[in-house]
Structure formats: C-alpha cells, structure tokens
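Computed from heavy atoms alone, side chains included, the values below leave out hydrogens, waters and symmetry copies. Every value quoted in this text rests on a predicted model; they were computed, and no experiment measured them.
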Amino acid sequence: MTDAAAETTIKVVCRFRPLNSSEVARGDKYIPKFQGEDCVVIAGKPYYFDRVFQSNTTQVQFYNAVAQKIVRDVLEGYNGTIFAYGQTSSGKTHTMEGKLHDPDMMGIIPRIVQDIFNYIYSMDENLEFHIKVSYFEIYLDKIRDLLDVTKTNLSVHEDKNRVPYVKGCTERFVCSPQEVMDAIDEGKNNRHVAVTNMNEHSSRSHSIFLINIKQENTQTEQKLTGKLYLVDLAGSEKVGKTGAEGTVLDEAKMINKSLSSLGNVISALAEGSTYVPYRDSKMTRILQDSLGGNCRTTMVICCSPSSFNDAETRSTLLFGQRAKTIKNTVSLNVELTAEQWKKKWEKEKEKNKTLRNTVTWLETELNRWRKGETVPVEEQFDKEKAKAEVQDVDAAAANDKPAPTPSLGALPGVKLTDAEKQKYEAEMAKLYKEMDDKDDEINQQSQLVEELKEQMLDLEELLGSSRRDHATLQSELNRLLAENEASKEEVKEVLQALEELAVNYDQKSQEVEDKSKEFEALSEELNEKSSSLASIDSELQKLKEMTNHQKKRVTEMMSSLLKDLAEIGIAVGSNDIKQESSGVIDEEFTVARLYISKMKSEVKSMVRRSKQLESSQAESLTRLQEAESELTACQLRVSQQEAKIKSLTDGLQNVEQKKRQLQENVDLLNEEIVRIKAQEKVNAMEKENEIQSAHEVKEAVEKQIQSHREAYQKQISSLRDELDSKEKLVMELQDLNQQIVLEQERLKVEHEKLKAADQEKNRQLQELTVLQDRREQARQDLKGLEETVARELQTLHNLRRLFVNDLSRRVRKNAQDSEDSDDSSAQKQKISFLESNLEQLTKVHKQLVRDNADLRSEIPKVEKRLRAMVERVKALEAALKEAKESAARERKLYQQEMERIKDAAKPKPNMGRRNSAQIAKPIRPGQLPGSSPLFSLNRSNIIRGGGNDSS
Ligand code: ADP
Ligand code: MG
C-alpha cells in the first residue's frame, strides 16, 4: 500500500488566558481584542492564526477544537506534534497538562491518552497495537530521562531512515490510560525531586512527552507507526530578552539555546532557506521531523492578556505567525509487507526492461543516423509509445518514492559533480556518525559523573554518619573518662576510708587488748581485794579480840593502878606520921614516877593503837554497812522469793485439800453405792428366801465393805506418799531456783561493778590519751626549745669567748697600770659579778645538756614508732596499688565490653541505609498488570512489546 506525500502547513492556534488575580489586583488592562475566530488585535495590529481562543475557552472546548484530530492522525500512521509556546505563566502547562486528574481541568495530554485508547477500542479487531511512552526534559541542552533519573544526559541519534531519536531513553510499554497516567505522574514526581526551585526550573526547561504507537494488521500484515510529541516549551520571554539585549550571560545563552535555535529553525523554514540549523540544539534535532518534516504539527501560542506583558505577548504572536508559514510534507509511515516488496520489485523489473528496450531502440536508431542512414518516422523512437508501455509501472513507481530528505546537493550556489557529491555525503555521514558517537561518549561520561556524584553523596552521607558516630563516640568517651575520673575519685575516697578504718581498727584492737589486759588486771585485783578483804576481816576479828583483851588488860591495869594509888594515898596519909620513912617514900616516888611514865607511854601507845583500831573499825564498819545493805537487798529478794514460794505452797495445799476432799467424797459415794447395791441384794434375798440367810449376807456385805475400805485407804496412803515425795522435789527445785536467782543477782552486781570499773578505766584512758597528747606537744615544744637553746648556747659560747678575751686583755692592762688604778675594787666587784653570772650560765648550760640527753634518749622510741608508721604506710600503699590495679583491670574489661557492644551495634544502621539507598523498583517492559477489562469490551488488541524498539 502506498500513499502520496502531502504538503501541509503547521497549524498555529493562539490561546489567551484570563487575567490572574495579581494582575487584576495591580489593575492591569486586558489588551487583546478578538475579531472573528482567527484574529486577535493588539494595539491596533491584527494577528491571524488558524484559530484564536479567548480567555473563557474551557479545556474541553480547546481540546476538541485543536487536539482531538491528531489522535486519529497518529493512529492512522502519521507523526504528530503539539507545541506549547509562550512566556512563563502564559498557560503552557495549563494547556498541555492542566490538572492531570481533574476531568474538567485536565489539559491536552490526559485527554489525548484517554482518546487514543477509546479510539483503539473502536477499531478493526484484526489490528494489534504496541504503545510505548517516553518522558524527558531538556535543560541546559541536556536530555534528562524523567522515567529513569539515572539517565541525565542522553544523546540524539538517527535511525536507518535518518530520523532522529533520543538514544537510550526509557520506553515504557503501556496498555491502558491508567498506565500512561502513572508514567506521567512518575515523571513529574522525578522532576520535582531532582530540582530545588521547581518554578524556575520548569520555566527554563522543555518537557517532552512522546507516545509511540505501532499497529499491525494481523490479516494483511500491514504495519503502521505513529509518533506523537507533546511539548511544553520553556518560557519564551528569555528569547525576547536575548534578542533585545544581544548580549547576556553564557548561562542564559545555554538555557535558551534550544529556544533560540527553535526560533532560528522556524525562521529558516519560513524564509525557505535550504539550510536549516536543526543540529544547533538537541531539541531542534529531536523535533526535526515536526518542523518542516514528516509531521502534522500544531503550535499553541499561549499569551497573557495583561498590558503588563504587552511586549512579550507581541513577540510571541509574531513568532506564531512566522511558524505558520512552515510547510511540512507528511506521509504515511508504512512498513511494506513481503508481498508488497515483491510486487514492487516486479514492477521495477518491468520498468527496467522497458527502459532497456528504449535504450537499445535509441542506440540502434542513433547508429543508423550516424551511418548516414535516414530513419523513417515510423521507425524513430516514440516517447509516447514507450510511455504507454510503461505507464502503469510509472504511476506505481512514482507513488513509492520515499519522502525527500534534505540533502547537501541542494545547497545554493554550489555545483558539485556526482562523484564529489557522493564523497561529500559519505564524509558528512561519517562526521555525523562520529558526532553521534561523541554524543554517546558524552552521555556515558555524564552518566558516570552522575554515578560518581551519587557515590559521592553516599560517601558524604557515610562520612556525616561516621562523623556523627565519631561525635557520639567522643562524647561517650568523654563520659567514660569522666566516669573513670569519678570512679578514681571514689576509689581514692574508699581507700582513704579504708585507711581510716584500718587505723581505727588498729586503735580499737589496741584498745580492746588494753581493755582485756585491764580487765584481767582488774579481775586479778578483784581477787586480791577479796582475798585482802577476807584477811582484813580475819584481822578485824583478831583486832576485836585484841581490843577486848587490851580493854581487859587496861581495866585490870587501871584497877591495879587505882589500887596502887589507894595504897599510895594511904602511904602518903601515913607520911605525916611517918616522916622518918621519907627516904623510902622518895624511893617509892621515883618508882611510882617510873611507873607513871611507863604507864604514860603505855597509855600513849594504847591510845595510838586504839585510834588505829578505831579507824580500822570505822573502815570495817563502812564495809560492813555495805555488806549489810547488800545483804538486806538479798534478804529482801529472798523474802520475796519465799513469799512467792509460800503462796505457791499454799495454793498447792489448797489444791491438795480440795483433792483430798473430793477423794473422800468419791469414797463416800462408792461406799454408798456398794451399800445400796448390797441393800438391793439383801432385799431381793429377803424377798426370795424370806430372811433365811439374811444375816449371813449382811455379814458378807459388811466384809466386802471392809475390804473395799482397806483397799482405798492403802491407795490413799500410797498416793499421799507420792504426793509428799513430789512436794519434796518441788521444794528442792525451788531451792535450786533460789540459788540460781541468787547467783544471777550476784553476777549482775559483779557485772555492774565491772561496768563501773570499765568506765573508770575508760576515763583513765582518756586522761592518759590527753596526757599523751600533752606530752607530744611538750616534746615538740622541747624540740623547738632545744633548737633555740642550742642557738643561744652558741651565742653564749661566743659571748664567753669574747668576754674571756676582753677579760684577759683587761687583766693584762690592769697588771700594767696596777699602780695608778684607783678603782681596782670596783673592777673586782664587777669581775665577781661576771663570774657569778658565768657560773649561772654554765649551770643553765648543764641543765640544757641534760635535757638534751633526755630528749636524745627518747629518740629511739620515736624512731621505732616512726618505723612502724612507715611500715603501715607501705602496707597501705601496697593495698592502694592493688586496688588501683584491680580498678584498671575492671576499667579495661568495661572498655572491652563497651567496644564489643558498639561493634555489635554499629553495622546495623549502615546496612539499613545502604539497603534503602540501593533498593530501586526495577522498571521493565511488560511488568504491568494483565489485560484490563477494557480489552474484553473492545475488539482491538493491544499487545505489549517485548523490548525497546526505537525505529
Ligand atoms: P506556564 O506553564 O506557561 O508557565 P501555567 O500553565 O503554569 O503557565 O499557568 C500559570 C497560571 O495561570 C496557572 O495557575 C494556571 O492555572 C493559570 N492559567 C493559565 N491558563 C489558564 C486558562 N486558560 N484559564 C484559567 N487559568 C489559566
Ligand atoms: Mg509551565
């Protein structure tokens, strides 16, 4: 099947958006005036387009008027393109996309997608469709795949028909409108994610959505392809500025490179120039076919109605008008079947044959003319005849001509021979190929760069995380160090406390030892004292006896003395009478005096003795009193105990009595019972035997009773014996108890005494310690004193030497001037005074030396103590060292444990992060869900392709 190539112009429509709120707020004027359906007048100048849409045009209206037809074109095997051109915020995106999921506000793209599928569903059931979509943007002349963010700089290649395409671009196979919309959503999302300022980015980049539809008639094997480009261009205002100012920044140039080259391409095409600079930018290359090629192209010129944007709007309108003149040559994209190819080949063969016939015909005719022959008219070559022969073939052949491709041979003013042309074209092809290869390389490199960037980002993140880890570890370390310090401090404190404890312990043990010693001493003393008490008691007894004896003797002596005195009195009385016997009396007197003096001395000694005795008596009395008081206390207790015992024994006796009474009662009752029984028997017998042997029976009964009574009495007596023995036992026990109580009392008293002694000892100890302290103090003072004394001694020594020198000098002088010295006596006095001074000083010196010696003697003791202290300190140091070592060990263990925990905890987040970064949903053709319900509804089939196909 063939189709003639048809020339069409680009369709250009113009759409004005309404004034937006900020423009209204600013009070901008609404400048466009509309004339008919195809004219808009701005500032008096009319602009004509295929259609002009006013601000109130709805999305549906616009779509129906502009884009709907293109769906049919694409599905019939033509290429189609819709551009949206205009300044930023003029409504390009609104027109192309609108609100993608809002049925009223959605733009061209979603409506086209829906319509394509609807149309397919209504088509011949023998048709099989393969639909794939691509979505990419061009920013700074770099093609970025929006369906695969890793492809950031794709290159443009030409296929075998020299139609450019984006190489390596993701082509997603779709089989429902939903899948297409999903792809668009994904692409838009990727676009948003990749950039920081979306508004600026979208105003500077072109976004291109490509729908590629391939259909095959399963019966005729006819294959048609149609490509639909839906292009949302970058804001055109930059073009205006570029044009107006001429020079701008390089970046701005780059940003607008595609747009300015679009303008250039359109200008070239509009002027009919033979050279069109498609290769100036990637966008113009991709859209080469849409501009002056095999494509039905519609350009939507989007304009702002605001007076504020007046200039931009006018330049936009001019651009549209220029574009309107571009002519495209559209043809069906048919792939011939084998049958068609065969037919075509046969036709060509036939044509070839006729041509060869013609050639031979003409050659023979020419030869005949050259030979000088005249060829008759009917034999001459007839073009009409030949044409008639091959007319059918020609017509078919003409239709099969491929669309003309722009060739360099058409360059103006250049005349080239065929060979040169061929060479040149080959060269060009080679160069283009090289360029494409370079593009490829660039793409690869940029992808590498992207990868590296990503890796770098990963690494940076890793670095950041490890820094954070480091920081946390550092803080942890600091914390641990602080803890360590704190524990060290603690250990120190503990050690100090230990030391104190040890010291305390030593003191206490010392004290305990002392105490026990003291205790022993005390007990010994106590024993001694008690023994001495006993001895004193015995002595006292003796003394009492002695005093008695003495008293007796004294009385005896007194009586004898009195007697003697009486005798003496008598003798004295008789003295007057017997004067002569005075010599005898004198003798007697002397004797008596002797006696008296003797007696006096004896009395004196007696008195002393008695005094002694009295004092000892008083002592023993006090002792006795003490003992008595104790005794009374003991007696009191004993009487208490006795009273208790008495009450207890009374109670016991009461109980006993009661028991005895009860037993007696029982006896009586038993007797009664027996008697009653006997009475009964007797009665019965009396009744039976009529007093026959009543008497006998009575006797027997009485005997029985007697025996009973005896038995009872025996029992009772035995019981009483037992009771007595028990009582005795009780008494014994009571005695024992009393003894024990007494013993306890005694022990208590002893305990009290010991306590008192202990307290006394404590007090003494305290005193002793105080004394010790004082002594220590005194020793230190002494030491100081010793030093000062030594110093003073030294000075004294010096003084003495000086003094002696002086003295000797003076003596010598004196000796010289002995004669003329008047005041030698004064000097002598002085000398004696000094000498006495010297003596005193030497005394003091001696004293000090002695003191010094004393102190020296104390040195070894002190040294011994010092050594003990040093040893103690050493032991403590060793203990400290050990404790430190153990602390260090523990610290090490703790650190190891910490590290282990950290190691265990560390890899987890990293792994998690890496996993999450690496996970990417694999995107493969044919992954989407199976046939939708729409398939069964419609007769057409949509077959999902197996792989990427770019032709
Ligand atoms: P551009 O893509 O050209 O920068 P937008 O399509 O984003 O501009 O439009 C800018 C704003 O104007 C958007 O908020 C859009 O909704 C609004 N807008 C554009 N055209 C129309 C229209 N025809 N009717 C109503 N609102 C419109
Ligand atoms: Mg936009």
Side-chain angles (χ1 to χ4, degrees), residues 8 10-13 62-85 92-93 95-98 100 106-121 123 127 129-138 146-147 156 159 161 163-166 169-177 179-181 183-184 187 206-215 223-233 283 285-300 328-334 940 942 945 948-951:
T8 59
I10 286 184
K11 198 169 144 190
V12 180
V13 300
F62 187 81
Y63 173 74
N64 289 339
V66 173
Q68 201 176 37
K69 198 182 160 289
I70 219 154
V71 172
R72 187 193 294 265
D73 290 342
V74 171
L75 286 171
E76 282 175 355
Y78 293 98
N79 293 336
T81 303
I82 299 178
F83 285 108
Y85 182 93
K92 299 184 294 295
T93 310
T95 301
M96 296 308 288
E97 294 173 4
L100 287 171
M106 61 168 61
I108 289 171
I109 294 173
R111 287 176 205 274
I112 283 178
V113 168
Q114 193 60 54
D115 258 13
I116 284 172
F117 283 92
N118 286 341
Y119 195 70
I120 287 169
Y121 299 150
M123 279 170 89
L127 292 174
F129 286 90
H130 301 248
I131 304 171
K132 53 192 185 183
V133 297
S134 300
Y135 197 12
F136 49 89
E137 67 171 2
I138 302 173
L146 292 176
L147 298 180
V156 182
D159 68 5
N161 296 324
V163 177
Y165 70 99
V166 179
C169 181
T170 304
E171 294 178 304
R172 182 158 305 167
F173 284 85
V174 291
C175 52
S176 72
E179 284 177 18
V180 183
M181 295 314 290
I184 294 171
H206 316 278
S207 80
I208 299 174
F209 190 68
L210 170 62
I211 305 174
N212 203 321
I213 302 170
K214 206 161 143 187
Q215 56 177 290
K223 283 182 188 163
L224 292 172
T225 53
K227 269 193 208 170
L228 177 57
Y229 281 102
L230 300 163
V231 186
D232 186 352
L233 289 169
M283 194 189 63
R285 268 202 89 192
I286 296 167
L287 301 173
Q288 189 172 326
D289 243 6
S290 311
L291 303 161
N294 174 21
C295 190
R296 291 184 198 232
T297 303
T298 301
M299 186 166 297
V300 182
N328 280 5
T329 314
V330 292
S331 63
L332 209 57
N333 301 318
V334 188
S940 309
I942 302 164
N948 291 1
D949 186 348
S950 50
S951 62

* Report yes or no: does E179 contribute a side-chain atom to a donor-acceptor pair with the main-chain N or O of C175 at less than 3.5 Å? =>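 A pair under 3.5 Å: yes.
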* Indicate yes or no for a side-chain donor-acceptor contact from N79 to the backbone of K227 under 3.5 Å, with no hydrogens or angles considered. =>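 Side chain of N79 to backbone of K227: a pair is present.
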Ignoring hydrogens, what is the shortest heavy-atom contact between [X] and [Y]? Give both atom names and the distance.
X	Y	answer
I82	A67	CD1-CB, 3.9 Å
V66	K11	O-NZ, 3.9 Å
I70	I112	CG2-CD1, 4.2 Å
M96	P110	O-CD, 4.0 Å
P164	R285	CG-O, 3.2 Å
P177	V113	CA-CG1, 3.8 Å

Counting C-beta onward and ignoring hydrogens, is there a side-chain heavy-atom pair between [X] and [Y] closer than 4.5 Å?
X	Y	answer
F136	I286	yes
L291	F83	yes
D289	T297	no
F62	R111	no
Q215	I120	no
M106	Q114	no
Q68	Y63	yes

State the [atom1]-[atom2] distance between [X] and [Y], to the nearest 0.5 angstrom.
X	Y	atom1	atom2	answer
I213	L228	CD1	CG	7.0 Å
H130	K223	NE2	NZ	8.5 Å
R172	L147	CZ	CG	5.0 Å
M123	E76	CE	CD	7.0 Å
I108	D115	CD1	CG	12.0 Å
F117	I131	CZ	CD1	4.0 Å

* Asked: With sequence neighbours excluded, what pairs up with I184 under the side-chain contact (heavy atoms from CB on, under 4.5 Å) test?
  -> L100, I109, Y135, V180, M181, K188, F209
* Got a sec, which pairs hit salt bridge (charged side-chain N to carboxylate O under 4.0 Å, His left out) with one end in residues 62-71, sequence neighbours left out? -> K69-D73
